[in-house]
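Numbering starts at 1 and runs along the sequence shown.
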Amino acid sequence: MDTVIKILVVIVIVLYTASLGFIFLYSLTQAHLLFRYLFYKKKYTTDQQPSESFSSLPFVTVQLPIYNEKYVAGRLIDCIANLDYPTDRFEIQVLDDSTDETFGIVADKVSQLKNSINIQHIHRTVRTGYKAGALKEGLSKASGELIAIFDADFLPGRSFLRNTVSHFADKNVGMVQTRWTWLNKSYSLLTRVQAFALDSHFSIEQVGRNIAGGFINFNGTAGVWRKDCITDAGNWQADTLTEDLDLSYRAQLKNWKFVYLEEVSAPSELPPVMSAIKTQQFRWNKGGAETARKHLWKVMRSDKPLHVKWHGIIHLLTSGVFVCVFIFSILSIPMLMIRDRFADYSNIYGIANIFFSGFYILVLLFFASVAIQQKNKWKAIISFLKTFPSFLSLSMGLSLHNTIAVLEGYFGHKTAFIRTPKFNVISQADQWSGNKYIRATINKLTIAEALLPLYFVFGIYLSFILGDLSLLPFFILLALGYGAVSYFSLFQNSPKATKKKLPVVNMEAA
């Protein structure tokens with residue numbers, strides 16, 4: 001029995017230390033991106049200015065992939081129709097796979113606009129390939145040499161095309177991505193936390209990678225592609241849930257140049273409901289894992305510089321951080337007991353403690369992101385202290401959900417592309433309750449998430465019993481995080497919460 005116990009102890013220690021080790025490597029890589037951002041951003045911004053120009057503006061096809069978006073479809077089409085670009089130099093494709101009343105809303109809107117602008121309503125009755133399939137079919141009918149893409153919850157500024165297409169005067173440029181901003185950041189705790197997390201990606205990560213010619217990704221929307229780049233890289237493919245990340249790597253492996261414009265923004269709407277956040281997180285993380293499975297070896301074997309390969313590898317494996325967080329979290333309580341009983345492994349505990357410092361590096365990274373957004377240092381500190389604990393807690397609370405997504409991606413388990421429900425919720429007066437796309441469901445995962453707070457409450461109790469408070473802050477955050485995720489999952493989707501009706505379109509809010 002003692003031998004079995006020692007084997008189990010070794011397995012726990014190895015998994016615990018390995019998970020912290022990967023988080024540590026990820027954190028060091030993020031720190032390098034922050035270094036690039038802080039020390040090379042000024043030169044990068046200057047270098048991003050186009051050195052060449054068009055003799056005449058290129059023709060642009062604007063694609064709007066839509067699937068059952070009754071609350072925001074009309075708002076989006078009106079916004080795109082109002083772009084400040086010569087009407088004879090762009091066309092709009094509404095790529096509509098809808099099976100509900102969205103189809104009629106789109107048809108009416110297109111009918112109203114077709115005499116003043118070049119707009120097409122392309123409706124598929126069979127949703128082959130999901131979003132990737134819609135984009136591919138639209139591309140086959142597109143007249144533009146450039147392809148701009150906007151999801152249904154985006155409202156780009158009127159000058160968006162003029163601010164982006166100039167970069168394509170360089171024939172090597174295959175894609176230009178812009179920064180997402182938020183229409184409803186201050187709506188609730190959930191929207192504030194999402195904005196907090198995504199702002200780091202759209203500043204430090206994208207700029208840091210792009211500065212040294214590393215792999216960056218098209219974010220699925222608010223970007224412009226060169227049509228020839230899409231076709232040269234193999235066109236849109238639906239074998240992953242992140243067709244955007246997949247095409248990005250295929251194109252950059254073929255040496256197309258990508259440009260990221262932090263100063264050009266595209267306002268968008270953050271989902272205010274946990275079920276929608278989970279849908280989005282599942283697709284992003286599973287798709288990221290599928291894309292890693294598809295391209296990791298290709299990146300390793302490419303002729304790219306070593307630092308580009310390293311950042312590309314970590315980028316592709318980013319979703320794996322959730323697996324490591326979940327393993328670390330679950331094993332942290334057994335580790336308390338092991339450290340109390342098995343002093344012989346003190347050297348390994350020391351290594352684990354070193355790796356644990358990766359969390360502190362991430363604290364610095366996210367504070368820097370807030371400081372970039374908030375120029376006043378005191379406001380940045382206050383904003384960070386108000387939001388970071390909630391962000392960390394909820395992120396860890398979603399780790400079980402996201403771990404399942406990542407493992408399904410790594411092991412090749414295929415599932416349908418489930419789009420994130422849209423709400424048209426911007427101001428405090430707007431209500432999400434009554435959204436027809438929200439379903440009240442309780443499954444095994446929801447039950448497991450509801451039980452995990454009790455597990456980490458036990459960890460809090462054990463910390464005091466054993467006199468080891470080193471992990472106490474994390475146990476508290478984990479208990480609160482899983483508790484919050486469970487609460488929102490159970491009660492935001494309850495029949496009582498979803499019985500009210502939402503307006504189909506709120507143009508005043510837009």
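- When atom types are taken as modelled, the side chain of Tyr130 and the backbone of Leu241 share no donor-acceptor pair closer than 3.5 angstrom.
- Checked against a 6.0 Å centroid threshold, the rings of His121 and Phe103 count as neighbours.
- A distance of 6.0 Å or more separates the ring centres of Phe215 and His311.
- Looking at Gln237 and Arg250, their side chains come closer than 4.5 Å, going by heavy atoms from C-beta outward.
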### Message
I'd like to know whether Glu269 forms a side-chain contact (heavy atoms from CB on, under 4.5 Å) with Leu155, so could you lay out the CA-CA distance, the side-chain angles of the two residues, the decisive distance to 0.1 Å, and finally the verdict.
### Response
CA-CA 9 Å; Glu269 183 181 333; Leu155 294 173; over 6 Å; no
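- Residue Trp225 is tested with Phe168, Trp256, Phe258 for a ring pair (Phe, Tyr, Trp, His ring centres under 6.0 Å); the sole match is Phe258.
- Of the inter-residue distances, the one linking Ile277 atom CD1 with Leu190 atom CG reads 4.5 Å to the nearest 0.5 angstrom.
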### Message
Checking Glu243 against Phe417 for the side-chain contact (heavy atoms from CB on, under 4.5 Å) test, could you report, in this order, the C-alpha distance in whole Å, the side-chain angles of both residues, the deciding distance, and whether it holds?
### Response
CA-CA 10 Å; Glu243 74 295 323; Phe417 182 104; 3.6 Å; yes
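- Side-chain atoms of His123 come within 3.5 Å of backbone atoms of Ser98 as a donor-acceptor pair (strictly under, hydrogens ignored).
- Summarising the geometry of Gly157 relative to Leu83, their closest heavy-atom pair is O-CD2, 3.5 Å, with the distance given to 0.1 Å.
- Judged by distance alone, the side chains of Lys257 and Asn210 never bring a donor and an acceptor atom under 3.5 Å apart.
- Heavy atoms from other residues, nucleotides or ligands lying under 6.0 Å from NZ of Lys114 number 12 at most.
- Minimum interatomic distance between Thr191 and Lys185 (heavy atoms only, all atoms of both residues): OG1-O, 3.0 Å.
- With a 6.0 Å radius and a threshold of 12 heavy atoms from other residues, nucleotides or ligands, Lys41 has its NZ atom above the threshold.
- Here the side chain of Lys414 pairs a donor or acceptor atom with the backbone of Asp239 at under 3.5 angstrom.
- Using modelled atom types and a 3.5 Å distance limit, the side chains of Thr102 and Asp100 yield a donor-acceptor pair.
- Rounded to the nearest 0.5 angstrom, Asn424 CG and Leu76 CG are separated by 11.5 Å.
- Checking Thr446 against Asn443 by side-chain atom types alone, a donor-acceptor pair falls below 3.5 Å.
- Few gaps surround NZ on Lys298; more than 12 heavy atoms of other groups in view lie less than 6.0 Å from it.
- Interatomic distance, CZ of Arg75 versus CD1 of Ile426, reported as 4.5 Å (0.5 Å rounding).
- The shortest distance between side-chain heavy atoms of His201 and Asn217 falls below 4.5 Å.
- For Ile117 against Ala81, the heavy-atom pair with the smallest separation is CD1-CB, 3.5 Å.
- Under the 30°/60° scheme for interplanar angles, the aromatic rings of Phe388 and Phe384 are found to lie parallel.
- Within the structure, the salt bridge (charged side-chain N to carboxylate O under 4.0 Å, His left out) test picks out the following pairs touching residues 223-233 (sequence neighbours left out): Asp232-Lys254.
- Rounding to the nearest 0.5 angstrom, the gap separating the OG1 atom in Thr242 from the NZ atom in Lys286 is 11.0 Å.
- Taking a cutoff of 4.0 Å between a charged side-chain nitrogen and a carboxylate oxygen, Glu290 and Lys294 do not qualify as a salt bridge.
- By the 6.0 Å contact criterion, OH on Tyr40 is open, its count of non-hydrogen atoms from other residues, nucleotides or ligands being 12 or less.
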#### Entry: Worked verdict on Leu365 versus Ser200 for side-chain contact (heavy atoms from CB on, under 4.5 Å)
CA-CA 8 Å; Leu365 174 80; Ser200 175; 4.0 Å; yes
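- Looking at every heavy atom in both residues, Gln252 comes nearest to Gly214 through OE1-O, 3.6 Å.
- Judged by distance alone, with hydrogens and angles left aside, the side-chain atoms of Gln194 form no donor-acceptor pair with the main-chain N or O of Leu270 at under 3.5 Å.
- Here the closest non-hydrogen pair linking Ser265 and Thr181 is CB-CG2, 3.5 Å.
- Annotation: cation-pi pair Arg419/Tyr437 present, NZ/CZ under 6.0 Å from the ring centroid and within 45° of its normal.
- The backbone N or O of Asp84 lies less than 3.5 Å from a partner atom in the side chain of Arg162, making a donor-acceptor pair.
- Atoms CG and CD, from Asp153 and Glu69 in turn, are 7.5 Å apart once rounded to the nearest 0.5 Å.
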### Task
Report the C-alpha distance between Leu33 and Tyr37 in whole Å, list the side-chain angles of each, state the deciding distance to 0.1 Å, and finish with yes or no for side-chain contact (heavy atoms from CB on, under 4.5 Å).
CA-CA 6 Å; Leu33 293 178; Tyr37 185 97; over 6 Å; no
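- Between the side chain of Lys309 and the backbone N or O of Ser302, at least one donor-acceptor pair lies under 3.5 Å.
- Of the possible donor and acceptor atoms, one in the side chain of Gln177 sits under 3.5 Å from a partner among the backbone N and O of Thr221.
- One side chain, Asn219 or Gln206, offers a donor N or O that lies under 3.5 Å from an acceptor on the other.
- The nearest pair of heavy atoms linking Thr279 to Ile418 is CG2-O, 3.5 Å.
- Proximity of His32 to Ile314: side-chain heavy atoms (C-beta onward) are nowhere separated by under 4.5 Å.
- Here the side chains of Val165 and Phe90 are not in contact, with every heavy-atom distance at 4.5 Å or above.
- A donor atom on one side chain and an acceptor atom on the other are found under 3.5 Å apart for Gln120 and Glu91.
- Distance alone, capped at 3.5 Å, is enough to place a donor-acceptor pair between the Ser248 side chain and the Asp244 backbone.
- Expressed to the nearest 0.5 Å, how far CD1 of Ile105 lies from OH of Tyr71 amounts to 9.5 Å.
- Ion pairing between Lys422 and Asp151 fails under the 4.0 Å rule for side-chain N and carboxylate O.
- In this structure, Tyr85 and Phe160 have side chains that are not in contact, with every pair of non-hydrogen atoms separated by 4.5 Å or more.
- Between Thr420 and Trp284 the shortest side-chain heavy-atom distance does not fall below 4.5 Å.
- Side-chain N or O atoms of Ser268 include none that pairs as donor or acceptor with a backbone N or O of Phe154 at under 3.5 Å.
- Using a distance-only test at 3.5 Å, with no hydrogens or angles considered, no donor-acceptor pair links the side chain of Ser383 to the main chain of Lys379.
- Taking 4.5 Å as the limit, some side-chain heavy atom of Thr164 sits within range of a side-chain heavy atom of Thr178.
- Looking at Tyr260 and Arg179, their side chains come closer than 4.5 Å, going by heavy atoms from C-beta outward.
- Phe366 and Phe196 have parallel rings, their planes meeting at less than 30° on a 0 to 90° scale where 60° marks the start of perpendicular.
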#### Entry: CA sep, side-chain torsions, deciding dist, call: Asn255, Lys304, side-chain hydrogen bond (donor to acceptor under 3.5 Å, both in side chains)
CA-CA 9 Å; Asn255 296 319; Lys304 301 291 184 182; 2.8 Å; yes
### side-chain hydrogen bond (donor to acceptor under 3.5 Å, both in side chains) assessment of Asn68 paired with Thr99
CA-CA 6 Å; Asn68 294 352; Thr99 58; 3.2 Å; yes
